[in-house]
Protein chains: 2
Amino acid sequence: MTYGAKLAALADPTRRAVFEALRGGPRSVGEIASGLPVSRPAVSQHLKALKDADLVRDEPRGTARLYRIHAPGLLELRTWLDGFWDDALERFKTFAETESEPPSEDRQ
Amino acid sequence: MTYGAKLAALADPTRRAVFEALRGGPRSVGEIASGLPVSRPAVSQHLKALKDADLVRDEPRGTARLYRIHAPGLLELRTWLDGFWDDALERFKTFAETESEPPSEDRQ
DNA sequence: TTGCTCCGTAAGTCATAGCTAACTGTAAGC
DNA sequence: GCTTACAGTTAGCTATGACTTACGGAGCAA
C-alpha cells in the first residue's frame with residue numbers, strides 16, 4: 001500500500017467529496033449518495049477505490065454498510081508529505097537567504 | 001489555488017517522479033528527462049502542471065530553465081491533510097475505545 | 001549573422017477512468 | 001417463503017489526460 005495509490009484516490013474531486021462526507025462520522029453508501037450529484041453505484045465505486053487505498057474501512061450494518069475513515073491509512077500519506085516538506089523547506093530557506101528577491105514574489 | 005489541484009498534480013506516477021527529481025535541488029528539463037523513461041516534452045508538460053498547481057517555480061538560466069520545488073505550495077496541501085488527520089485520529093481513537101476488536105484487524 | 005542548444009507548444013493517438021443503466025445478491029419484514 | 005429495500009457488480013459509453021512527433025522561439029558562442 002503506497003502513498004501513490006492514496007494520492008490517486010484523493011485526486012478525483014467526486015471521490016474526495018465522498019471521502020470528506022465521512023469526516024463527520026460513519027455513513028452508508030445511500031446517505032453519501034443522497035448528498036452528492038452522482039448515483040449510488042458511483043459512490044460505491046469510489047468507496048471501493050478508497051478502500052483499496054486503505055483510506056476507509058467498511059462494516060456491515062444489517063442490509064446497509066457503514067464506511068468510516070481509516071486514520072492509520074492517512075498516516076502513510078502524512079509521513080510521505082512530511083518528509084518532503086522538511087526537505088523542501090530546508091532548501092527553500094537556503095534559497096530565500098541567498099536570493100535577494102523575496103521568494104513569494106518569484107516569477108509569478 | 002486549491003489543494004485539489006495539488007493532489008491531482010501529484011497523483012500521476014510520472015509527474016510525481018518529475019517532482020521527486022527536484023527533491024535534490026533545482027534541475028533543468030533536460031536533466032530530469034534524461035533520468036526518466038519519457039520524452040523531454042512530456043517532462044515539460046508535467047512541469048507545467050506542477051507549476052500551475054504552485055508546487056514548483058521556474059527560473060531562466062541562459063538557454064536552460066531551472067525548476068525547483070516551491071515549499072509554500074506544499075504547505076497548503078500539508079495544512080489540508082493535517083486538518084483531516086486531526087479529525088480522523090480523534091474519531092479513530094473513539095472508535096478503537098468503544099469497539100472491542102482491534103481496528104487494524106477490522107474487516108480486511 | 002549563423003549555428004547550436006535548450007525549451008515550450010500544437011496536433012494527433014491511445015489508454016485509462018468515471019459515469020449510468022441493468023442485473024445480481026443479501027438481509028429484514030409480513 | 002415471498003416481497004421489498006439496499007448495496008455491489010458488470011457492460012458499455014464517453015471524456016479526460018498522458019505520451020510522442022513535429023515545429024517554432026529564445027539565448028549563447030563563433
Side-chain angles (χ1 to χ4, degrees), chain A residues 2-22 25-70 106-108, chain B residues 2-22 25-70 106-108:
Chain A
T2 163
Y3 52 83
K6 301 180 196 302
L7 283 169
L10 293 175
D12 183 72
T14 304
R15 190 156 44 221
R16 200 164 54 244
V18 170
F19 189 62
E20 295 190 352
L22 295 177
R27 297 275 191 279
S28 69
V29 177
E31 286 174 341
I32 300 172
S34 65
L36 294 176
V38 294
S39 66
R40 184 181 52 73
V43 172
S44 185
Q45 289 172 349
H46 284 307
L47 284 170
K48 174 172 169 51
L50 291 170
K51 184 182 173 184
D52 288 341
D54 203 35
L55 287 172
V56 304
R57 290 287 172 94
D58 60 342
E59 179 186 2
R61 275 288 189 272
T63 169
R65 197 165 196 86
L66 287 187
Y67 288 83
R68 71 179 72 243
I69 292 180
H70 187 57
D106 180 33
R107 295 193 50 79
Q108 177 57 35
Chain B
T2 161
Y3 51 83
K6 300 180 196 301
L7 283 170
L10 293 175
D12 183 72
T14 303
R15 189 156 48 223
R16 201 165 53 244
V18 170
F19 188 61
E20 295 192 354
L22 296 177
R27 296 275 189 281
S28 69
V29 178
E31 287 174 341
I32 301 172
S34 65
L36 294 176
V38 292
S39 67
R40 184 187 52 74
V43 172
S44 185
Q45 289 171 354
H46 283 307
L47 283 169
K48 173 171 169 52
L50 290 170
K51 184 182 173 184
D52 288 342
D54 204 34
L55 287 171
V56 304
R57 290 287 172 92
D58 60 342
E59 178 187 2
R61 274 287 189 274
T63 168
R65 196 166 197 86
L66 287 186
Y67 285 85
R68 71 180 71 242
I69 293 179
H70 187 56
D106 180 33
R107 293 196 51 79
Q108 180 61 34

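Protein chains get the first letters and strands the later ones, always in sequence-line order, with residue 1 at the start of each.
The separation between B:D58 atom CG and C:dG8 atom P is 7 Å, rounded to whole Å. Here the P atom of nucleotide C:dG8 and the CZ atom of B:R61 are 15 Å apart, to the nearest Å. Between the CG atom of A:D52 and the P atom of C:dA17 there is a distance of 12 Å, rounded to whole Å. Regarding B:K48, its NZ atom lies at a distance of 14 Å from the C1' atom of D:dG17, rounded to whole Å. The distance between atom CG of A:L47 and atom P of C:dC19, rounded to the nearest whole Å, is 12 Å. The nearest whole Å value for the distance from the CD atom in A:E59 to the P atom in D:dG8 is 13 Å. Regarding A:K51, its NZ atom lies at a distance of 8 Å from the P atom of D:dG8, rounded to whole Å. When the P atom of C:dA17 is taken as reference, atom CG of A:L10 falls 15 Å away, rounded to whole Å.
B:L50 is listed as a side-chain neighbour of B:V18, based on a closest heavy-atom distance under 4.5 Å.
Contact annotation: A:H46 reaches the phosphate of C:dC19 (side-chain N/O to OP1 or OP2, under 4.0 Å). Side-chain nitrogen and oxygen atoms of A:R15 include at least one within less than 4.0 Å of the OP1 or OP2 phosphate oxygen of C:dG18. The side chain of A:T14 contributes no N or O atom lying less than 4.0 Å from OP1 or OP2 of C:dG18. Between A:S39 and the phosphate of C:dT20, there is a side-chain N or O to OP1/OP2 separation shorter than 4.0 Å. Between A:S28 and D:dA7 there is a side-chain polar atom (N or O) within less than 4.0 angstrom of OP1 or OP2. The phosphate of D:dA7 has neither OP1 nor OP2 within less than 4.0 Å of any side-chain N or O from A:S44. For the OP1/OP2 pair of C:dC6 and a distance below 4.0 Å, the side-chain nitrogens and oxygens of B:Y67 include no atom meeting the criterion. A:R65 has a side-chain polar atom (N or O) that falls below the 4.0 Å cut-off from OP1 or OP2 of D:dG8.
With A:R40 contributing its side chain and A:G30 its backbone, the two residues share no donor-acceptor pair below 3.5 Å. Looking at A:R16, its side chain does come within 3.5 Å of a backbone N or O of A:L10 through a donor-acceptor pair.
When the nucleotides D:dT20, C:dA21, D:dA7 are ranked by their closest atom to the side chain of A:V29, D:dA7 comes out on top. For A:P41, taking side-chain heavy atoms from C-beta onward, the closest of the listed nucleotides D:dA22, D:dG27, D:dT9 is D:dT9.
For the pair B:Q45 and B:E31, both in contact range of DNA chain C, the more 5′-proximal nearest nucleotide belongs to B:E31.
Within 4.0 Å of A:A64, counting heavy atoms only, lie sugar-phosphate atoms of the nucleic acid but no base atom.
Nearest heavy-atom pair, B:P60 versus B:R65, reported as atom, atom and distance to 0.1 Å: CB-NH1, 3.8 Å.
Summarising the geometry, atom NE2 belonging to A:H46 is positioned 11.0 Å from atom CD1 belonging to A:I32; distances are rounded to the nearest 0.5 Å.
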